[in-house]
Amino acid sequence: MFDSLTQFQFNSVCDLFSGSGIIGFESASRGAESVTFVEKDHKALRLIKENAKLLKGPNYNFYGADVFSFIKHCNGYDFIYADPPYGMYDPHKLVEGIFKHLNIKGKLFLECDKKQNPFLDSIVRDYGQTRILQWENN
């Protein structure tokens, strides 16, 4: 996935439903200046914070909150990656809520089950049973 972003400079990254935080940490290793992790599972968030101490990098921000609560108050981002638990969220509602927080030319990636129908205006990439939908804010 990151190979498709090689020509894209992303300074501010938001990793929604962070889990292990791998997307945020990979973004940091590729030059992101600010990475925000949003994960409501407190054990997972604690592990992300511990790893951030070990993986010194950019300005890290951590939010132990529900994604929909977080996006009501968040700033603009160059890159937003959302990996919600499959089947637990309406992907259309999620994209609608997130998209307005992208900076101009920002990119949004939504990871979902391959069974998820693609949105009309998304770029679709399939990896095994995973589908990644991508948008750019023009």
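- You'll find the ring centres of Phe70 and Phe37 outside the 6.0 Å limit.
- A 4.5 Å side-chain heavy-atom check between Lys105 and Asn138 finds at least one atom pair inside the cut-off.
- In the hydrophobic cluster analysis, where Ile, Leu, Val, Met, Phe, Trp and Tyr join through side-chain heavy atoms closer than 4.5 angstrom, Ile98 is grouped apart from Ile123.
- Partners of Asp121 by side chain to side chain contact (heavy atoms under 4.5 Å, CB included), not counting sequence neighbours, listed by chain and number: Phe119, Trp135.
- By the rule that hydrophobic residues join a cluster once side-chain heavy atoms approach within less than 4.5 Å of another member, Met88 and Val38 end up as members of one cluster.
- Nearest heavy-atom pair across Pro58 and Ala28 is CD-CB, 3.5 Å.
- For the side chain to side chain contact (heavy atoms under 4.5 Å, CB included) criterion with Glu111, the lone passing option out of Phe17, Tyr127, Tyr86 is Tyr86.
- The CD atom of Glu136 sits 12.0 Å away from the CZ atom of Phe79 when rounded to the nearest 0.5 Å.
- With rounding to the nearest 0.5 angstrom, the CZ atom of Phe62 is 9.5 Å from the OG1 atom of Thr36.
- Between Phe109 atom CZ and Leu16 atom CG the span is 13.5 Å, to the nearest 0.5 Å.
- Counting all heavy atoms, side chain and backbone alike, Pro84 lies closest to Leu110 at CD-CD1, 3.7 Å.
- The nearest pair of heavy atoms linking Asp126 to Arg131 is OD1-NE, 2.7 Å.
- Summarising the geometry, atom OG belonging to Ser18 is positioned 8.5 Å from atom CZ belonging to Phe25; distances are rounded to the nearest 0.5 Å.
- Summarising the geometry, atom NZ belonging to Lys53 is positioned 10.5 Å from atom CG belonging to Asn51; distances are rounded to the nearest 0.5 Å.
- Going from atom CD of Gln116 over to atom CG of Asp113 covers 8.5 Å, rounded to the nearest 0.5 Å.
- In this structure, the side chain of His101 engages the main chain of Ile71 through a donor-acceptor pair within 3.5 Å.
- The two residues Gly24 and Asp15 have their closest heavy-atom pair at N-OD2, 3.1 Å.
- Listed here is the closest heavy atom pair of Ser122 and Leu133: OG-CD2, 3.8 Å.
- Cluster membership for Leu47 and Ile22, using ILVMFWY side-chain heavy atoms within less than 4.5 angstrom, is not shared.
- Summarising the geometry of Glu39 relative to Leu45, their closest heavy-atom pair is O-CD2, 3.9 Å, with the distance given to 0.1 Å.
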